[in-house]
Amino acid sequence: MNFRFQNLVGAPYRGGNALVINNTELISPVGNRVSVIDLIKSQTSTLPVQSSSNICRIAASPDGVFLLTVDENNRCLFINLRRRVVLHRISFKKSVNAVKFSPDGAYIAVATGKFVQIWRSPGFRKEYFPFELVRTFVDCDDKVTSLDWSPDSNYLLAGSKDLTARLFFVKKLKTRTKPFSLLGHRDTVVGAHFGVDKKTNRVCKVYSITRDCFVFSWVFKGDEDESDKMEEEEDASEPPSPATPDRDVEGNLEVDDGRNVKKRKESDGKDIDLDEEGGGYLQRGKWVLLRKDNFMQAPAKLTACDYHRELDMVVVCFSNGVFRLYQMPDFVCIHLLSISREKITTAVFNDLGNWLIFGCAKLGQLLVWEWRSESYILKQQGHYFDVNCLAYSPDSQLLATGADDNKVKVWTVSSGFCFVTFSEHTNAVTALHFMANNHCLLSASLDGTVRAWDLFRYRNFRTFTTPTSRQFVSLAADQSGEVICAGTLDSFEIFVWSMKTAHLLDKLSGHEGPVHGLMFSPTNGVLASSSWDKTIRLWDVFEGKGAVETFPHTHDVLTVAYRPDGRQLACSTLDGQIHFWDPIDGSLMYTIEGRRDIAGGRLMTDRRSAANSSSGKCFTSLCYSADGTYILAGGSSKYICMYDIADQVLLRRFQITLNLSLDGVLDFLNSKKMTEAGPLDLIDDDDSDIEEGIDKQTQGKLGFDLPGSMPNRGRPIARTKCLRIAPTGRSFAAATTEGVLVFSIDDSFIFDPTDLDIDVTPEAVDAALDEDQPNRALLLSLRLNEDNLIKKCIFAVSPVDIAPVASSIPKRYLQRFIEALADLLESCQHIEFILRWCQELCKAHGNSIQQNSRNLLPALKSLQKAITRMHQDLADTCSSNEYILRYLCSINSKK
């Protein structure tokens with residue numbers, strides 16, 4: 001019962017900025033969660049941390065240890081990426097448009113509205129006030145859109161909607177100087193980036209990129225004498241700059257040479273002198289516009305850009321889905337490619353500059369492109385609309401999803417990646433079913449077809465249709481896979497086809513409402529169907545007797561499910577109840593009143609509180625556990641309920657999301673947001689879609705703009721459309737508004753202390769062996785990935801300690817350890833010792849080996865091959881010895 005959130009599947013990207021850490025790990029915001037994709041191992045994982053609303057900006061520390069996320073409510077989380085825990089929280093007063101760590105990791109620059117704030121970066125230790133405001137710059141006249149640090153962390157470049165880019169010196173100066181303004185832009189500055197001299201690693205140029213598809217190249221002229229004179233004249237003629245007032249805007253704080261933050265009232269008044277501090281060299285010169293170039297993409301607007309300092313290259317993306325890659329400063333176009341028809345919302349280089357990462361929020365698309373070889377490293381796209389249905393493969397390693405975008409996608413559960421997309425349907429996909437052979441997938445759609453997909457050749461090999469077009473909403477197949485049944489929405493009939501010939505065998509009539517639930521009994525050929533006509537009917541499909549039995553209800557029946565042993569039938573009704581029937585005797589066994597359990601969450605348009613509003617709260621999806629002792633139920637609520645069937649009690653409630661950007665998450669609405677015209681959140685006073693020139697990329701803009709079509713202004717409502725428990729019983733998936741949530745009993749993340757140890761060396765392995773710590777020595781050797789050290793540590797473990805040491809091996813090292821055992825079996829004489837290792841390893845990690853068998857298949861086959869060869873050699877030796885002994889015995893008897 002100890003299910004915990006494991007992963008979010010089906011939504012690789014939802015908006016905001018993506019970034020890369022450690023050159024190979026891609027971090028992207030997905031709603032109010034953060035997804036981490038390992039581009040080398042092709043695996044994705046989701047942090048078990050939720051923000052209060054959709055995440056709009058993220059930033060990572062230079063060493064990749066800390067992650068900063070800021071959501072739409074201006075609430076910030078400071079996360080330890082390796083431990084996956086939240087260390088600190090803070091809220092900003094205005095919307096955050098950009099955030100970035102300094103290269104030395106000591107400061108965080110935050111663009112809040114038209115202010116630029118410099119915060120001291122917190123650390124691992126717990127503090128009462130971890131975030132300390134160091135400086136606040138108030139020079140910009142409009143919203144700040146981009147930030148960039150100089151390599152020495154002394155300068156900050158900020159682009160703004162006031163058509164300027166400003167250069168700030170982070171530390172406090174004795175001589176008050178204005179921040180240098182780079183002028184001449186005719187539209188919003190989307191990105192402003194420092195360029196460095198490769199010999200001295202000092203800033204020598206700046207690139208400012210504007211929304212009207214222009215790039216400005218600025219160079220630094222460092223004539224100290226002239227600049228000193230100009231500064232003296234400016235100091236004498238102009239008033240003090242508002243950038244360095246006597247009192248800062250936030251907190252009255254300053255920084256001295258020792259980087260100690262103090263109250264200004266208690267400080268010694270020691271400011272940095274430009275002559276003493278070498279970092280102020282940019283204050284002793286001037287900036288000159290070198291050239292201005294046009295990207296030639298009008299009327300499209302520039303939406304995202306990034307710059308790589310070492311390669312001196314710029315990538316720019318536009319609202320028409322085109323991106324361009326330029327070599328600077330000569331402005332030579334290296335690549336021009338269209339990757340989408342919608343606007344690209346994020347673009348970023350990896351650390352080495354060989355990969356480009358693009359994200360399209362409207363399509364949920366995430367791409368990693370290697371520009372040298374012109375090939376895709378990663379290409380993932382989620383469903384355009386909500387997921388309607390789910391299906392687990394019989395081995396629990398694949399997960400199929402169908403949605404309103406007419407597509408069927410198949411995902412690998414262990415990696416979270418989609419490896420095939422079927423798009424032959426012309427209307428919404430409503431039901432999915434995996435065949436028992438694990439290589440065939442069935443899908444039903446509102447386009448009037450049921451299609452069979454081959455997962456070997458990735459093609460539609462059979463299509464089931466009816467004489468007249470029907471809309472299918474439910475699907476079932478018998479255990480043998482010979483008969484396919486589908487229920488309709490409009491004609492209230494059930495159609496039966498032959499799987500081999502695709503011929504229509506029968507048409508079952510009798511229901512008086514849409515047939516939304518179909519399921520075959522696991523033990524015989526009886527088909528159960530549920531309908532909105534308030535009945536459940538049992539059909540004998542193979543005998544052709546029609547409806548065998550009818551179970552009446554007082555409300556519409558929404559779904560039906562068989563217990564795995566076929567001796568119990570569960571159904572949910574519109575009044576929020578779950579009924580359990582005995583299909584053999586036809587008697588009602590139990591009834592669970594679940595309306596109060598599923599009730600919760602108040603919509604913006606509700607006139608009653610969540611406690612008093614139970615209308616519409618019902619279960620639309622049911623699923624039995626593998627042993628049939630408990631049942632999962634989900635529906636039009638933010639909760640998933642788990643019930644014990646024998647005692648009819650609620651065991652657990654899973655809340656699918658804490659995202660306040662969705663409707664129906666809060667139980668109590670804020671009365672301050674209630675106005676005479678209705679709730680404040682429902683009043684459309686946002687003109688950003690007009691001034692940006694492109695419609696806002698939200699689900700409210702996906703074709704529902706007709707007056708009165710969506711009373712809550714298109715805000716998605718938190719609900720669960722489909723639930724499925726894996727055949728192994730160790731995980732379950734839920735198709736929710738946030739995506740496909742996977743909950744599991746198994747630990748998806750095991751913290752390895754050696755990951756943080758810089759002393760992982762062969763000497764440390766030998767020291768652990770000398771201290772009689774074979775467990776630690778084996779972990780260190782696996783971390784080093786040295787074959788000789790791994791084998792040495794294996795033999796250092798005594799036979800008595802094999803079981804506990806095998807159970808302590810992390811799952812991430814299983815493949816490497818199995819390869820080492822297979823290699824030892826080929827060349828080692830200690831056969832029983834190695835086989836004992838194999839036995840204990842299978843006992844301790846059997847579940848994880850089974851779930852990741854696709855990834856571990858090469859290593860497992862190598863081990864099987866070694867064991868088989870050893871078995872044959874021993875069998876041949878034994879047979880030979882047996883024959884020799886028989887011969888000797890026969891000779892002895894003759895004498």
Side-chain angles (χ1 to χ4, degrees), residues 8 10-21 25-37 44-47 49-61 66-79 81 86 91-92 94-101 108-112 143-147 159 190-191 302-306 315 317 319 323 340 342-350 356-368 378 380-382 657-662 686 688-689 692 694-701 716 737-739:
L8 176 63
Y13 175 72
R14 289 276 180 81
N17 65 308
L19 52 89
V20 180
I21 61 171
E25 292 186 16
L26 172 60
I27 301 179
S28 66
V30 184
N32 68 330
R33 297 180 184 268
V34 177
S35 176
V36 182
I37 302 173
T44 178
S45 61
T46 307
L47 301 184
V49 173
Q50 292 192 65
S51 297
S52 63
S53 59
N54 290 334
I55 296 174
C56 58
R57 284 290 175 266
I58 59 175
S61 60
F66 300 117
L67 179 70
L68 196 73
T69 66
V70 184
D71 59 23
E72 293 175 350
N73 292 337
N74 310 327
R75 296 176 181 174
C76 172
L77 301 180
F78 193 78
I79 303 170
L81 267 178
V86 177
S91 294
F92 297 105
K94 296 185 178 180
S95 62
V96 176
N97 307 303
V99 59
K100 199 162 188 180
F101 277 84
I108 303 171
V110 182
T112 60
K143 184 172 68 174
V144 178
T145 55
S146 69
L147 295 172
V190 178
L302 193 143
T303 56
C305 63
D306 194 28
V315 58
C317 304
S319 58
F323 81 88
S340 174
E342 304 294 338
K343 80 170 183 178
I344 305 172
T345 50
T346 183
V348 65
F349 282 98
N350 70 332
L356 290 169
I357 292 88
F358 302 104
C360 177
K362 189 171 184 179
L363 299 178
Q365 195 175 39
L366 197 61
L367 304 175
V368 179
L378 171 73
Q380 290 289 303
Q381 180 174 344
T657 183
L658 302 175
N659 191 356
L660 299 182
S661 298
L662 304 182
D686 190 4
S688 62
D689 54 343
E692 291 294 335
I694 306 162
D695 280 349
K696 289 178 64 179
Q697 299 199 6
T698 62
Q699 287 192 330
K701 293 289 182 182
T737 313
E738 284 282 87

(request) Rounded to the nearest 0.5 Å, what's the gap from CG on Leu26 to OG on Ser35? Could you check? (result) 7.5 Å

(request) Please confirm whether the backbone N or O of Val99 pairs with a side-chain atom of Arg57, one donor and one acceptor, at under 3.5 Å? (result) no

(request) Work out which heavy atom in Leu8 is nearest to a heavy atom in Arg33; give both atom names and the distance. (result) CD2-CD, 4.3 Å

(request) Using side chain to side chain contact (heavy atoms under 4.5 Å, CB included) as the criterion, point out the one residue from Ser661, Cys76, Cys56, Ser52 that pairs with Asp71. (result) Ser52

(message) How long is the straight-line distance from CG of Asn659 back to CD of Gln50, given to the nearest 0.5 Å?
(response) 7.5 Å

(message) Given Leu47, which partner from the list Val86, Val34, Leu77, Ile27 fulfils the side chain to side chain contact (heavy atoms under 4.5 Å, CB included) test?
(response) Val34

(request) Indicate yes or no: at least one non-hydrogen side-chain atom of Asn17 is less than 4.5 angstrom from one of Ile58. (result) yes

(request) Keeping the roles fixed (side chain from Thr145, backbone from Gly159), state whether a donor-acceptor pair exists under 3.5 Å. (result) yes

(message) Can a donor-acceptor pair be found, under 3.5 Å and without considering hydrogens, that links the side chain of Gln365 to the backbone of Gly359?
(response) no

(message) Using 0.5 Å steps for rounding, measure from the CD1 atom of Ile79 to the OG atom of Ser51.
(response) 6.5 Å

(message) Rounded to the nearest 0.5 Å, what separates atom CZ in Phe101 from atom CD1 in Ile108?
(response) 4.0 Å

(message) Any heavy-atom pair between the side chains of Val368 and Leu356 that's under 4.5 Å?
(response) no

(request) Keeping the roles fixed (side chain from Ser319, backbone from Lys343), state whether a donor-acceptor pair exists under 3.5 Å. (result) no

(message) Let me confirm one number: the CG-CG distance from Leu660 to Leu662, rounded to the nearest 0.5 Å.
(response) 8.5 Å

(request) Find the distance between CD1 (Ile344) and NZ (Lys362) and round it off to the nearest 0.5 Å. (result) 14.0 Å

